[in-house]
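Below, chains carry the letters A, B, ... as their sequence lines are ordered, and counting in each starts from 1.
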Amino acid sequence: MEISKKYQPGDIESKWYATWLEARVFRSTPDHRPAYTITMPPPNVTGILHMGHVLNNTIQDVLIRRKRMLGFNACWVPGTDHASIATEAKVVKMLADQGIKKHDLSRDEFLSHAFAWKDKYGGIILEQLRKLGASCDWDRTSFTMDEDYSDSVLDVFCELHERGLIYRGIRMVNWDPQAQTAVSDEEVIHKETKGHLYHIKYQIADAPDTYLTVATTRPETLLGDAAVAVHPEDTRYQAFIGKKIFIPLINREVPIIADDYLDMAFGTGCLKVTPAHDINDYEIGLRHNLEVIDIFNNDGTISPIGKRYVGMDRFAVRKQIVKDLDEAGLLVKIEDHTHAVGFSERTDVPIEPKLSMQWFLRMEELSKPALEAVVSGEVKLYPPKFENTYRHWMENVRDWCLSRQLWWGHRIPAWYLKGSNKYVVARTLEEALDKAREMTGRMDMVADELEQDPDVLDTWASSWLWPISVFKGLTEPDNEDIKYYYPTNDLVTAPEILFFWVARMIIAGYEFLDKKPFSNVYLTGIVRDDKRRKMSKSLGNSPDPLDLIAQYGADGVRVGMLLSSPAGNDLLYKESLIEQGRNYANKVWNAFRLVSGWEPGDQPISTSEGLAIDWMENRLNQVTLEIEDHFEKFRISDALMSVYKLTWDDFCSWMLEMVKPAQGGAVSNEAYLKIVSIFERILQLNHPFMPFITEEVWQGLAKRGQREFMTLSQLSAPGTVNEAVLENTQLIQDAIASVRAWRSEKGVSMKEPIALFLKTDNPEVFSRYAEMMGRFLNLESMDFTEAQPEGSASIRVGIHEIYIPQPDVDLEGEKIKIQEEITYLEGFLDSVVKKLSNERFVSKAPADVVALEQKKQADAESKLAMLRENLERIGV
RNA sequence: GGGAGAUUAGCUCAGUUGGUUCAGAGCAUCUGUCUUACAAACAGAGGGUCACUGGUUCGAGCCCAGUAUCUCCCACCA
């Protein structure tokens with residue numbers, strides 16, 4: 001069979017993924033093995049795969065596949081999130097493109113459009129993840145609006161309400177006038193924004209020519225002013241406290257009040273108080289019992305309550321009002337002013353603080369166990385620097401605004417008695433009716449008299465149950481799955497949602513199941529371009545992962561993404577990383593080509609083969625331990641790098657070259673079997689990172705048809721490491737490298753055979769490796785000697801010397817080189833001697849450190865002696 | 001304004017209780033080579049005052065203080 005010279009991933013990848021699915025190798029059901037569980041952070045149901053998903057899911061797949069090969073019952077639960085605000089925004093836009101306005105539709109009509117959209121696009125991203133090789137248990141695919149899932153969301157709401165943790169109240173919320181919904185504090189992004197500070201004259205009520213000048217950044221809100229405030233100790237304004245003052249343009253009379261919230265040094269020291277549109281003003285209003293005048297419609301235009309400018313947009317009004325004030329001679333000046341303005345994360349429009357009736361969850365008590373879990377290390381964050389951030393947030397946690405003025409999502413299970421403020425919270429309409437009848441004492445009450453709250457729950461109020469509800473942990477408590485898989489093990493997600501999601505899942509875990517939801521949280525970085533800019537559609541700097549997979553193979557993409565992405569660090573994406581990944585896959589492929597081309601002979605195993613195999617097995621054991629250590633610490637990139645170097649350098653560059661038969665020769669059968677077995681162990685270590693090519697090669701090495709999947713094969717525990725074997729081989733490798741360097745430097749081609757003389761105290765080792773060295777270095781002879789032969793170049797490897805006879809030795813060059821080495825060693829010896837003659841060092845440093853220094857001194861001295869001798873012999 | 005973290009080779013990063021020649025890795029660069037698995041490769045080489053200034057110590061990328069620069073998070077200064 002002809003094997004392609006270059007690895008062609010396309011067909012091989014789709015073949016194996018289909019085969020794996022058919023054999024249900026990713027399926028997990030509870031059994032006697034320990035469980036290892038990851039629940040995938042559910043992407044937006046209508047989302048498509050981007051580079052961030054690739055990074056995130058590759059890491060999860062690496063963890064899952066590795067544990068699967070370590071004897072765990074590995075279960076990776078995939079799924080999607082209904083993502084209420086994001087999805088609704090997409091649907092609204094889709095409808096708008098068809099000329100349909102959301103508000104012209106009934107709720108049910110809109111929802112049927114939304115579900116149609118979801119059916120069409122939902123799950124695309126999960127299909128795409130299959131291309132990446134994600135080894136999820138697809139039978140467990142969940143969606144946050146599945147019937148069962150929704151039940152648990154509503155149950156939780158009802159339960160928390162019954163316990164008095166959910167309350168309803170008028171609160172200042174972050175209003176997004178474009179999406180026409182309240183957004184959570186976490187969805188508001190504060191940006192430094194250049195604005196202006198307008199100084200406006202307000203006239204005192206009973207003194208026509210007396211004015212106070214107020215400084216504000218938002219002049220349009222004066223329509224809703226309820227007072228003007230000064231600091232109680234501000235000497236400039238004492239006389240005015242308690243008097244009335246006119247709001248300009250609309251001439252409404254409001255009081256002048258004193259409140260120590262004010263900063264006397266800011267602006268003019270006079271503040272216009274607008275309780276409906278500023279959180280601070282709202283609080284001042286509470287203290288002074290001020291009227292709340294909400295002048296805005298939900299879309300950010302002025303409502304009739306504003307009296308003037310009705311129907312105009314808030315920013316248009318600002319311009320107009322400034323103009324009108326100026327014309328009225330009431331505008332003193334306009335200063336430039338930079339301040340933080342909140343923007344909606346979703347729509348990027350400035351947030352309007354707005355008083356609104358919302359549902360809240362009291363967080364203070366709920367969050368305590370979740371804080372404790374991370375502080376005590378029961379839940380670990382990787383990298384740990386996020387623990388501080390987490391703690392800071394949890395110690396200052398605010399009540400969670402649960403309601404969203406949207407249609408797509410879990411509708412709040414609260415029913416109002418029509419025409420009244422009274423309400424009941426219940427799982428179903430029937431239940432609500434029962435409760436309402438009980439509450440009113442009117443047994444003849446009918447469903448028509450109830451009206452369900454129109455709002456839906458914040459998306460996070462469903463996804464915080466994710467690790468529980470994908471196993472039906474609330475609707476079917478104590479079922480086999482939840483008992484077996486929960487708590488899950490690792491969570492892989494982005495630091496941006498540490499608070500929105502991770503913290504809340506921890507809260508939910510302790511609150512509803514009394515157990516943490518997972519033990520480790522691995523926080524990935526953000527994928528950026530090589531200029532550190534975030535990947536974004538508008539910048540056009542984000543490649544399509546599927547294109548990359550088509551071009552480089554999923555294995556190449558996976559390796560490329562992981563090559564340089566330590567936990568918590570941003571990944572600076574460059575296509576060259578993916579190329580490197582592809583090249584690596586090709587390297588593995590060619591090792592396979594080489595080995596599979598061998599026809600083993602029945603001669604006994606040769607010395608070189610034995611040495612090579614013995615060394616490689618020890619290296620393999622050593623690196624396997626290294627890799628285990630990396631994985632334990634979640635250093636995925638380091639683990640990959642260890643595997644990469646083991647495969648490329650040790651296995652391909654050294655071991656395969658060591659055992660490669662001479663032209664026309666054959667590898668011994670005994671060696672061949674061992675080499676294949678080593679190759680297989682190496683493939684196993686590579687498999688979590690490159691599932692496809694490793695399966696293909698694994699099966700290819702078996703030669704006789706398909707065998708047990710590599711995916712299901714078990715990693716064997718590493719044997720002991722024989723240091724002496726590693727050291728000896730290292731010495732030979734160093735010797736080979738120095739002679740190669742000498743060839744390269746002198747321009748002596750590999751084609752030209754050379755003779756070698758060795759001066760060494762360890763001729764046994766060199767003798768054993770003589771045949772191997774002969775092949776690596778194209779030697780015509782290798783002999784031991786006590787003295788440097790006439791007319792030869794010298795190379796030093798540690799305390800050993802290699803001489804190469806040469807017709808025209810560059811004596812001058814040799815001398816310079818030796819002199820350089822002497823100078824360096826003298827300096828080194830000097831520092832060692834200095835250290836050792838320092839009484840305080842000798843008396844204070846630990847004995848082994850001192851002994852080490854003494855050994856260094858002795859070694860350096862003997863090497864120096866040797867060098868000086870050489871120098872003398874060469875003469876002048 | 002508050003908090004956290006960072007600064008080591010051209011780039012991205014390691015450097016694990018201060019102690020081997022400790023200054024590393026990968027990539028990139030440069031020089032050779034189409035050597036019978038692989039030019040998507042092979043063999044070699046160069047490259048850093050560990051941000052700066054002090055301090056502690058026999059000894060400091062590593063610990064302490066200060067300075068500079070950068071990043072992120074939180075936050076209601078009109």
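Side chains of A/K645 and A/T647: a donor-acceptor N/O pair is absent below 3.5 angstrom, by distance only. Between the side chains of A/E579 and A/N583, no donor-acceptor pair of N or O atoms lies under 3.5 Å. In this model, no donor atom of one side chain and acceptor atom of the other lie less than 3.5 Å apart for A/N686 and A/T694. Checked by atom type, the side-chain pair A/Y584/A/D555 shows no donor-acceptor distance below 3.5 Å.
As judged by a 4.0 angstrom heavy-atom cut-off over every strand, A/L825 is placed among the base-contacting residues. Note on A/E657: a base of the nucleic acid sits closer than 4.0 angstrom, heavy atoms only. If you check every strand for non-hydrogen atoms under 4.0 Å, A/Y644 touches sugar and phosphate atoms only. Using a 4.0 Å heavy-atom distance criterion, A/R532 is classed as a sugar-phosphate-only contact. Within the 4.0 angstrom heavy-atom criterion, no nucleotide atom of any strand lies near A/K855.
Geometric assessment of A/R740 against the ring of A/W654 yields a positive cation-pi assignment under the 6.0 Å and 45° thresholds.
Residue-to-nucleotide contacts include no donor-acceptor pair under 3.5 Å from the side chain of A/E387 to the base of B/rA4. Contact annotation: side chain of A/K587 to base of B/rC38, donor-acceptor pair present below 3.5 Å. Looking at A/K6, its side chain comes within 3.5 Å of the base of B/rA40 through a donor and an acceptor atom.
Between A/L563 atom CG and B/rC11 atom C1' the separation is 14 Å, expressed in whole Å. Atom pair A/D570:CG and B/rG5:P shows a separation of 17 Å (rounding to whole Å applied). As a whole-Å value, the separation of A/R528 CZ from B/rC13 C1' is 16 Å. What separates CH2 of A/W393 from C1' of B/rA4 is a distance of 17 Å, to the nearest Å. B/rG26 atom C1' lies 15 Å from atom CG of A/L572, rounded to whole Å.
Heavy atoms only, all atoms of each residue included: A/V273 and A/A229 are closest at CG2-CB, 3.7 Å.
Under the side chain to side chain donor-acceptor pair (under 3.5 Å) test applied with A/H196, the options A/T217, A/D336, A/T216 reduce to a single match, A/D336.
The phosphate of B/rG5 has OP1 or OP2 within less than 4.0 Å of a side-chain N or O from A/N388.
Within residues 734-744 of chain A, the residues approached by RNA chain B to less than 4.0 Å at the level of any non-hydrogen atom are A/A737, A/R740, A/A741, A/S744, in residue-number order.
For B/rG55, the base adopts the anti conformation, since its glycosidic angle falls more than 90 degrees from zero.
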